[in-house]
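Report on the structure given below.
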Amino acid sequence: MLKPVRTLVTASLLLAGSAVSAAETVKLALIDPLTGPMAAAGQPAFEHLKLEAERINANGGLNGAKLEIVGLDNKVNPQESLVQLQKAINDGVQLVTQGNGSSVASALITSVEKHNRRNPGKEVLYLNYAAVDPAFTNERCSYWHFRFDANADMKMNALTNYIANNEDIHKVYLINQDYSFGHAVSKSAQEMLKQKRPDIEIVGNDFHPLAKVKDFTPYVSKIQASGADAVISGNWGQDITLLVKAAAEFGLKAPFYTYYGASSGVVTQLGDKGVDRIYQINEYYGDFEDPEMAKRQVEMYEKTNWDFYYLRLSTMLDMLKAAADKAGSTDPKDLAKALEGLSIETPTGEVTMRAEDHQIQLPMFISVMKDGMKYGAEGTDYNFHKVAEIARDDVTLPTTCRMRRPN
Amino acid sequence: MSDDMTATMIRSNQRFALRGLVPWLVFAAVLLILPFIFTDGFSFTLMNAIGINIVFALSYNMLLGQGGMLSFGHAVFFGLGSYAAMHAMIAIDDASYAGEGFWAHVPVVAMPLIGMIGGGLVALVLGWPFCRRAGTAFAMITLGLGEMIAAAGQMFPSVFGGEAGIYGNRMVGPQWFGLELAQAADVYWFIAFWTFAGVLAMWAFTRTPLGRLSNAVRDNADRLQFIGYQPRNIRFLVFIASGSFGGLAGGMAAVNYEIITPESLGLIPSGLALLMAAVGGLGVFYGPIVGAVLVTLMNSLLSDYSDASILYVGLIFLSIVMFAPRGLGGGIEHVRTAYREGILARRLPGWIGGAAAVLLIALGLIIVIEMMFAGHGGGDTVNVFGIQFQAGGATGWLAGVVALVVGVLVMRATRKNREVNA
């Protein structure tokens, strides 16, 4: 009586087993805000990864294995991220990626490091695509963490190199959010400008509460009164949108050099007010000349309604594929080894994953918001247009990392 | 009162005390059995989070449910207790590296006590001026306090570690009971012990004269003053006790997550405490436990199934506040009272009808919400409990509306059952 049942079970088990071995999949878990108010930061990354995974899989996958993207919602909460990390590990995921919030990145780095030490043979790799705290590739560097975005200091290095060569700028105003990141931006801006262009005067150094200011007019009038001819700001989210909006309404002429001027939503909300006013330092800009890139850009917007903003996610997957093919394996230990010092060619030039600190080395671009662009961002006619390229050697910074490698 | 009566009372009290033991034995048994049912790493991670939230929600209910003080800043005690425990853990790490000093002899499993002291001290220092009034004034002040401490957390990186927070290692110092605390499964026993101890202590608190007085100050502060107690003093003492247990939960979190960031001081975790307590029921002691289990599971699992997960959490909160203000715990208590009075069989049909109606309405709402989300977010099919609907297709909308209408009809049809028997 039970026999047919048993054969059925065995057969289905065998079937399931063979299905797994026929198309081996490697899962990459994105741990980022996918619901709630911050979803606009995580969803475009999720869609971008899924789209690019299709391309990777069409080109042979990771050493033959199929790449699958899993989205896990962390609500930008460090504790919840660790719960999600455990969920991923439980489901056999050994590659995780995250970008939004240095608090979450900090939790993931320490947790992955401990997990790998406590569970040899089940190592997990953490691929960081946007958490920019310089500490993660300096005093807190970890063998299992790889950063595919320039860190905050490298961005400032690139930005100040550009400003140093711009003879029109004599007076700089700093305005940042009043928390650790904003203070770090302000500090490195002051140090680097002093070193590269001692004649530049810092005419103001303001900190405003994080995500609380609705009307920036008092700050803007202070900037106006100071006679600044450039403003540097690490602001993100509503703090950059409202700041630039207030500046436009006030009639402030000085341009804003920003880290996150092109993040999703800013273009739509600023519209005409951002044109020629908002500059961004990034590894990418909107009106990319590369036709292949332009095609992917349009394809992504048509398919997902999100812009192709994270070129570094494509770079990350390309490097992952190169490492897997080089190592002939998708085991995280082999991948980590192969990623160290790996160089690949990207549409913006050659990029290298520096072995000493696992910080990517890449060229960066200053771009400015323009109207009437061929490929508009967020379905508008506005997008970011290249102003200058900062060569890789002018972006790079030394590291204090003393990497502890597993033997 | 005659001696005879007193004797009967004592005897019935003893019987009562013995019967009172039963829930605790069940609670301990559940804590002991759980790890043998759920054996994978993720279940342990979830159970640990639930344990922490149980203590957190109960400590919040000491204020709101028992003391009648609506607080929007309870995470301050949780967070600062957690920071205290984390700094202690780092001290243990440093001291055991050097091999000497006081901290080298403190085990990590005692960290919740450090958190408790931390949370209690903070409440002691800050609480006095707040406790003069309950109600709106108290709510506003705690809201301000929460925001102030959360902002300060971002501004003093030497103590709070800036955005990245501070982190430690729990596998340091002397080991107790052979608990290595490497895996989530090890940590479970640590969490289970402190959850049990915390719940027991908080229940014991409700039985003390102070616990009784806190109910009195909630119900009628003026009358309490007439019989010679200062409401402010009572509130202050309850505030300290509640802060201490909040800190206890924070200390558990420090060991479990090994990281604490300034965000955990802010309004969102404070709101979570309110949510858990209210969903579970403010008027019943074990209500917040039910709420903590449900809300933690929803927070960590719901977003796997739906993009609208946060909306559902909000809807559940809203409907409980509007239609079942006594929460889930209140519902359980209803059934229990009916059972004890022997009228359960008479009341059951009405309740089952009501439950069926609620389930149908919920199903209808879920289908409609998922259809709306699919319309704006891209997917082709909508999957509701295994049933596939075409996104934007008429069947899905129809099914949703039918479920809603049938739910309302069942609700109306069975209303009589519930009223007649009431």
Side-chain angles (χ1 to χ4, degrees), chain A residues 33-37 39 43 47 70-91 101-111 113-115 117-119 122 131-133 135-136 140 177-184 207 209-210 212 303-306, chain B residues 40-46 48-49 52 82 147 150-151 153-157 160-171 180-184 186 253 256-264 266 268-269 272 296 299-304 306-313 373 376-378:
Chain A
L34 299 176
T35 66
Q43 282 290 354
E47 296 298 337
V70 188
L72 294 171
D73 181 29
N74 71 354
K75 305 172 178 73
V76 222
N77 175 316
Q79 274 91 12
E80 185 56 35
S81 306
L82 297 187
V83 173
Q84 299 298 334
L85 173 69
Q86 190 59 50
K87 188 179 348 182
I89 291 171
N90 214 38
D91 292 341
S102 286
S103 54
V104 175
S106 166
L108 285 178
I109 287 181
T110 52
S111 187
E113 177 88 38
K114 280 168 195 150
H115 171 84
R117 213 178 303 158
R118 293 167 190 175
N119 301 275
K122 291 184 191 162
V132 294
D133 189 334
F136 300 152
R140 288 190 59 189
Q177 293 151 327
D178 194 2
Y179 79 114
S180 51
F181 170 69
H183 282 267
F207 296 103
L210 174 65
K212 294 248 162 32
K303 269 195 182 162
T304 68
N305 267 330
W306 291 106
Chain B
D40 57 305
F42 177 55
S43 301
F44 280 114
T45 309
L46 261 187
N48 293 348
I52 294 166
S82 201
E147 286 292 276
Q154 298 276 16
M155 282 175 207
F156 299 103
F160 297 103
E163 195 194 1
I166 62 169
Y167 50 95
N169 184 0
R170 62 182 174 228
M171 292 172 67
E180 198 191 4
L181 295 179
Q183 309 295 346
D186 282 359
N256 184 45
Y257 298 112
E258 299 181 289
I259 183 162
I260 172 85
T261 57
E263 289 161 357
S264 34
I268 292 173
L272 182 73
T296 317
N299 257 342
S300 298
L301 297 178
L302 209 54
S303 56
D304 287 1
S306 167
D307 282 346
S309 58
I310 295 181
L311 182 65
Y312 290 125
V313 176
F373 258 71
H376 115 135

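As a basis for the values below, the full set of heavy atoms in this structure was taken, side chains included, without hydrogen atoms, waters or symmetry mates. Please read these numbers as outputs of a predicted model, since none were measured by experiment. Residue numbers begin at 1 in each chain, while the letters A, B, ... track the order of the sequences.
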(message) Please identify, among Phe42(B), Tyr257(B), Phe156(B), the residue contributing the most non-hydrogen atom pairs under 4.5 Å to chain A.
(response) Phe42(B)

(request) With a 4.5 angstrom heavy-atom cut-off, could you sort out which part of Asp40(B) is near chain A: side chain, backbone, both or neither? (result) both

(message) Under a 4.5 Å cutoff for heavy-atom pairs, which residue among Lys303(A), Gln43(A), Arg140(A) has the most contacts with chain B?
(response) Arg140(A)

(message) Less than 4.5 Å to any heavy atom of chain B: does that hold for the side chain of Gln79(A), its backbone, both, or neither?
(response) both

(message) Do Gln183(B) and Asn119(A) pair up side chain to side chain, a donor and an acceptor below 3.5 Å, judged on atom types alone?
(response) yes

(request) To the nearest 0.5 Å, tell me how far Lys114(A) NZ sits from Tyr167(B) OH. (result) 8.5 Å

(request) Can you tell which part of Ala151(B) gets under 4.5 Å to a heavy atom of chain A, answering side chain, backbone, both or neither? (result) neither

(request) Heavy-atom distances under 4.5 Å only: say whether Leu311(B) touches chain A with side chain, backbone, both or neither. (result) neither

(request) Please lay out, stage by stage, how Ser103(A) and Glu263(B) fare under the test side-chain hydrogen bond (donor to acceptor under 3.5 Å, both in side chains). (result) CA-CA 9 Å; Ser103(A) 54; Glu263(B) 289 161 357; 3.1 Å; yes

(request) Taking the side chain as every heavy atom from C-beta outward, state whether Asn299(B) and Lys75(A) have any atom pair closer than 4.5 Å. (result) yes

(request) Could you have a look at Ala107(A), Pro209(A), Gly71(A) and say which one has the most heavy-atom pairs with chain B under 4.5 angstrom? (result) Ala107(A)

(request) Indicate yes or no: at least one non-hydrogen side-chain atom of Leu301(B) is less than 4.5 angstrom from one of Lys87(A). (result) yes

(request) Check each atom of Asn169(B) against the heavy atoms of chain A and say whether the ones under 4.5 Å are side chain, backbone, both or neither. (result) both

(message) Counting C-beta onward and ignoring hydrogens, is there a side-chain heavy-atom pair between Arg118(A) and Met171(B) closer than 4.5 Å?
(response) yes

(request) Identify the heavy atoms of Ala164(B) and Ser106(A) that sit nearest to each other, and give their distance. (result) O-OG, 2.8 Å

(message) Are the side chains of Gln154(B) and Asp178(A) in contact, using a 4.5 Å heavy-atom criterion?
(response) no

(message) Testing the basics here: between Thr45(B) and Val83(A), what is the closest heavy-atom pair and its distance to 0.1 Å?
(response) CG2-CA, 3.8 Å

(request) Decide whether Glu258(B) and Thr110(A) meet the rule of one side-chain donor and one side-chain acceptor closer than 3.5 Å. (result) no

(message) Using a 4.5 angstrom heavy-atom cutoff, name the option from Ile268(B), Ile260(B), Asn48(B), Ile259(B) with the most pairs to chain A.
(response) Ile259(B)

(request) Output the distance between atom CG (Leu72(A)) and atom CG (Asp304(B)), rounded to the nearest 0.5 Å. (result) 6.5 Å

(message) For Ser300(B) and Gln84(A), which I'm curious about, is there any donor-acceptor pair between the side chains at under 3.5 Å?
(response) no

(message) So, taking the atom named CG in Asn74(A) and the one named OG in Ser303(B), what distance separates them when rounded to the nearest 0.5 Å?
(response) 9.0 Å

(request) Could you tell me which portion of Lys212(A) (side chain, backbone, both or neither) has an atom closer than 4.5 angstrom to a non-hydrogen atom of chain B? (result) side chain

(message) Between Val76(A) and chain B, with a heavy-atom cut-off of 4.5 Å, which part of the residue counts as in contact: side chain, backbone, both or neither?
(response) backbone

(message) As an exercise: rank Thr304(A), Asn90(A), Asn77(A) by heavy-atom pairs under 4.5 Å with chain B and give me the winner.
(response) Asn90(A)

